[in-house]
J.: 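Below is the structure I would like to discuss, written out as structure tokens.
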Amino acid sequence: MIRVRFAPSPTGGLHIGGVRTALYNYLFAKKHGGKFILRIEDTDQKRKVDGAEAYIMEALDWCGITPDESPSNGGAYGPYRQSERLHLYKQYAQQLLDADFAYYAFDTPEELETMRTKLQETKAANQQYSSINRMEMRNSLTLEKPEVESLLNSGTPYVIRIKLEGDKTVEVNDIIRGKVVVNTNTMDDKILMKSDGFPTYHLANIVDDHLMEITHVIRGEEWLPSAPLHVLLYQYLGWDAPTFAHLPLLLKPEGNGKLSKRDADKHGFPIFPLNYSDAKTGEVAEGFREKGYMPETMVNFLALLGWNPGTEQEIFSLHELAEAFELERISKAGAKFDIQKANWLNEHYLRATPKEILSGYIIKKANEEAISCSFAKAKAIVDLLIERSTFIQDLWNNGQYFFVSPTEYDAKTVKKKWKEETVQALKLFISKIKDLESPTPETFKEHFEKTVNELELGFGKVMPGLRLALTGQGGGPDLMGILAVLGVEESIKRIDTAIKTIKL
């Protein structure tokens with residue numbers, strides 16, 4: 001059975017790129033009838049942030065990317081937090097030590113700094129702790145066995161490093177990248193177990209992926225340089241490696257470099273799926289959800305950032321994505337983060353939302369402001385504003401004039417369109433509609449046409465002034481529809497107020 005995992009670290013807000021990684025894993029699992037696992041990699045205790053794990057779970061839940069196994073719903077391969085699996089890493093670290101594939105390193109920070117300085121001065125090709133220079137360092141390969149045992153027994157700080165064989169070719173077969181070939185002379189003896197007794201990512205993810213029977217490792221491009229090391233670890237532990245697929249980067253909108261929070265702030269869009277509060281600074285970064293993006297939008301948008309369905313189709317449900325998804329159709333190149341595409345998708349999903357739900361949203365917002373709003377009025381407002389809205393909150397924010405009379409008027413429209421003939425036309429229009437009962441937009445239009453024809457004025461001479469009087473704005477949705485929502489009494493009241501307030 002296909003088994004994939006998303007394994008984030010709870011060190012802060014979940015970057016939107018992480019959500020895409022989770023989505024691709026989820027889609028691949030569902031495409032093949034497999035399982036999608038959420039594993040929390042919390043071995044970096046110094047960077048661990050309280051609440052980050054719950055944030056990750058809430059973000060995935062909002063997107064509809066539901067794990068089959070996770071810390072919250074369990075499974076046969078748990079625990080699903082690495083901090084609860086420490087005994088396993090120690091066991092396999094010892095196995096590597098016993099097989100001479102790893103060694104203890106007792107080097108102090110000062111000794112390591114001296115090593116780096118020396119390598120820089122000699123301009124060595126590999127300036128890392130590696131097979132080339134490890135025999136010059138203080139480790140269990142250079143020390144006598146009694147001294148090593150003494151250091152271990154006395155509690156001297158140490159790390160466990162992998163012992164890479166020199167000048168060996170390592171091949172990584174990647175579904176997206178093809179064959180990647182690396183020589184071990186360019187690699188370093190990475191730390192597998194830290195001095196605090198916690199494993200590094202390199203050991204922990206290998207052990208967990210094997211024990212959890214992960215068949216495909218689908219992760220970000222940033223882990224591609226580590227893949228040869230991971231392939232060797234599988235070999236050293238006597239295990240078969242999973243299939244790898246390293247995803248392309250999400251790029252800045254301009255396409256020149258990896259997308260960062262700074263870039264997102266610059267362009268005015270979120271970088272996190274949900275609002276994220278930085279515990280250190282107290283700063284709250286707005287999330288896609290709070291910005292007004294719908295979960296269907298996020299799933300559809302992120303799926304197309306790096307993956308091509310091979311057709312002209314752009315609108316996909318989560319189920320349709322799972323049916324169409326293929327790892328082989330993921331691009332090697334990074335994907336530009338085109339927020340306008342996300343906005344376009346959100347407009348689509350907003351318009352596809354049942355009017356009952358959108359109307360209920362307006363009624364809820366009105367009630368919060370102690371304003372009475374009937375379902376009929378709310379639905380009429382939705383009908384007028386939906387084609388001009390990108391986010392659901394636009395329905396409320398852009399429709400305030402349906403509930404509150406304008407107190408200010410657009411200065412540019414006043415200057416250009418508010419003339420004596422405008423005032424005369426509005427007064428005549430009032431006289432024609434004052435006795436109407438429950439008029440429709442069509443009825444208002446009929447009387448408006450009679451007004452401008454009687455005064456021999458064009459629509460453009462009067463309509464901007466009428467809109468200004470009713471809404472205070474220079475543009476907006478169908479004017480006759482606005483009149484119908486406001487009703488005769490309220491419309492006349494606003495026109496009268498504008499005539500008295502706006503100076504010619």
Side-chain angles (χ1 to χ4, degrees), residues 13-17 19-20 23 55 58-65 250 253 259 261 263-277 283-305 314-318 336-369 371 373 375 377-404 471-478 481-482 485:
L14 179 61
H15 189 283
I16 200 68
V19 181
R20 187 192 63 167
L23 174 63
Y55 176 93
E58 184 180 355
L60 295 183
D61 183 63
W62 175 66
C63 291
I65 307 173
L250 292 185
L259 179 69
K261 184 179 182 300
D263 300 313
D265 291 342
K266 173 185 174 182
H267 291 278
F269 59 80
I271 198 71
F272 301 119
L274 318 176
N275 274 6
Y276 178 71
S277 179
E283 178 185 356
V284 177
E286 187 178 35
F288 277 90
R289 179 180 66 182
E290 289 74 16
K291 183 77 172 178
Y293 291 93
M294 302 172 73
E296 297 89 344
T297 297
M298 292 313 305
V299 165
N300 201 153
F301 175 58
L302 290 175
L304 297 175
L305 283 178
E314 292 188 288
I315 305 296
F316 289 88
S317 67
L318 190 58
K336 291 182 183 180
F337 200 85
D338 182 6
I339 197 63
Q340 297 307 317
K341 182 65 171 288
N343 292 345
W344 176 79
L345 286 167
N346 209 64
E347 289 169 0
H348 167 82
Y349 285 109
L350 182 66
R351 291 164 193 170
T353 303
K355 294 290 178 63
E356 292 77 12
I357 293 176
L358 300 179
S359 301
Y361 168 79
I362 289 180
I363 293 171
K364 174 177 174 289
K365 295 297 290 184
N367 289 340
E368 290 174 0
E369 300 293 330
I371 297 173
C373 179
F375 178 81
K377 180 176 180 177
K379 184 177 182 301
I381 293 171
V382 169
D383 289 338
L384 286 169
L385 295 180
I386 190 66
E387 293 300 322
R388 292 171 167 267
S389 299
T390 299
F391 308 110
I392 192 170
Q393 61 263 37
D394 292 343
L395 297 172
W396 175 255
N397 295 336
N398 296 340
Q400 288 291 292
Y401 52 78
F402 286 111
F403 302 98
V404 181
T471 70
Q473 300 176 7
D478 178 62
I482 293 175
V485 172

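Just so you know, these numbers come straight off a predicted model, no measurement behind them.
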J.: What distance do Leu318 atom CG and Ile65 atom CD1 have between them, rounded to the nearest 0.5 Å?
T.: 7.0 Å
J.: Side chain of Asn346, backbone of Ala342: donor and acceptor closer than 3.5 Å?
T.: no
J.: Keeping Glu286 on the side-chain end and Phe269 on the backbone end, is there a donor-acceptor pair under 3.5 Å?
T.: no
J.: side-chain contact (heavy atoms from CB on, under 4.5 Å) with His348: which residues, sequence neighbours excluded?
T.: Ile315
J.: Look only at the side chain of Tyr276 and the backbone of Ile271, and say whether a donor-acceptor pair between them is shorter than 3.5 Å.
T.: no
J.: Just by modelled atom types, is the Leu384 backbone N or O under 3.5 Å from a matching donor or acceptor in the Asp478 side chain?
T.: no
J.: Determine whether Lys355 and Asp383 satisfy the following criterion, side chain to side chain contact (heavy atoms under 4.5 Å, CB included), listing intermediate values before the conclusion.
T.: CA-CA 8 Å; Lys355 294 290 178 63; Asp383 289 338; 2.9 Å; yes
J.: Taking all heavy atoms of Pro253 and all of Phe337, pick out the closest pair and write down the distance.
T.: CG-O, 3.6 Å
J.: Minimum heavy-atom separation for Leu23 to Ala303, with atom names?
T.: CD2-N, 3.7 Å
J.: Dump the intermediate steps for salt bridge (Lys or Arg N to Asp or Glu O under 4.0 Å) on Glu369 and Lys365, then the final yes or no.
T.: CA-CA 7 Å; Glu369 300 293 330; Lys365 295 297 290 184; over 6 Å; no
J.: Search all heavy atoms of Trp62 against all heavy atoms of Pro295 and return the closest pair with its distance.
T.: O-CB, 3.1 Å
J.: Can you name the residues that form a salt bridge (Lys or Arg N to Asp or Glu O under 4.0 Å) with Asp265, not counting sequence neighbours?
T.: Lys261
J.: CG of Asn275 to CZ of Phe288: how many Å apart, nearest 0.5 Å?
T.: 12.0 Å
J.: Are Phe301 and Tyr293 an aromatic pair, judged by ring center distance below 6.0 Å?
T.: no
J.: Could you report the tightest heavy-atom contact between Val19 and Cys63, atom names first, then the distance?
T.: CG1-SG, 4.0 Å
J.: Distance from Arg20 atom CZ to Leu305 atom CG, nearest 0.5 Å?
T.: 6.5 Å
J.: Roughly how far apart are Gln400 CD and Ile371 CD1, rounded to 0.5 Å?
T.: 7.0 Å
J.: Please step through side chain to side chain contact (heavy atoms under 4.5 Å, CB included) for the pair His267 and Ile339, ending with a clear verdict.
T.: CA-CA 9 Å; His267 291 278; Ile339 197 63; 5.9 Å; no
J.: Judged by atom type as modelled, is there a donor-acceptor pair below 3.5 Å linking the side chain of Asp394 to the main-chain atoms of Thr390?
T.: yes
J.: Mind listing the closest non-hydrogen atom pair of Ala378 and Ile362 along with its distance?
T.: O-CD1, 3.9 Å
J.: Is Glu58 close to Leu274 at the side-chain level, that is, under 4.5 Å between some pair of heavy atoms?
T.: yes
J.: In Å and rounded to the nearest 0.5 Å, what is the CG to OG1 distance from Leu350 to Thr297?
T.: 8.5 Å
J.: Looking at Ser317 and Tyr349, what are the two nearest heavy atoms and their distance?
T.: N-OH, 4.5 Å
J.: List the steps and the verdict of side chain to side chain contact (heavy atoms under 4.5 Å, CB included) for Phe402 and Ile482.
T.: CA-CA 8 Å; Phe402 286 111; Ile482 293 175; 4.1 Å; yes
J.: If you round to the nearest 0.5 Å, how far is CD of Glu290 from CZ of Phe391?
T.: 12.5 Å
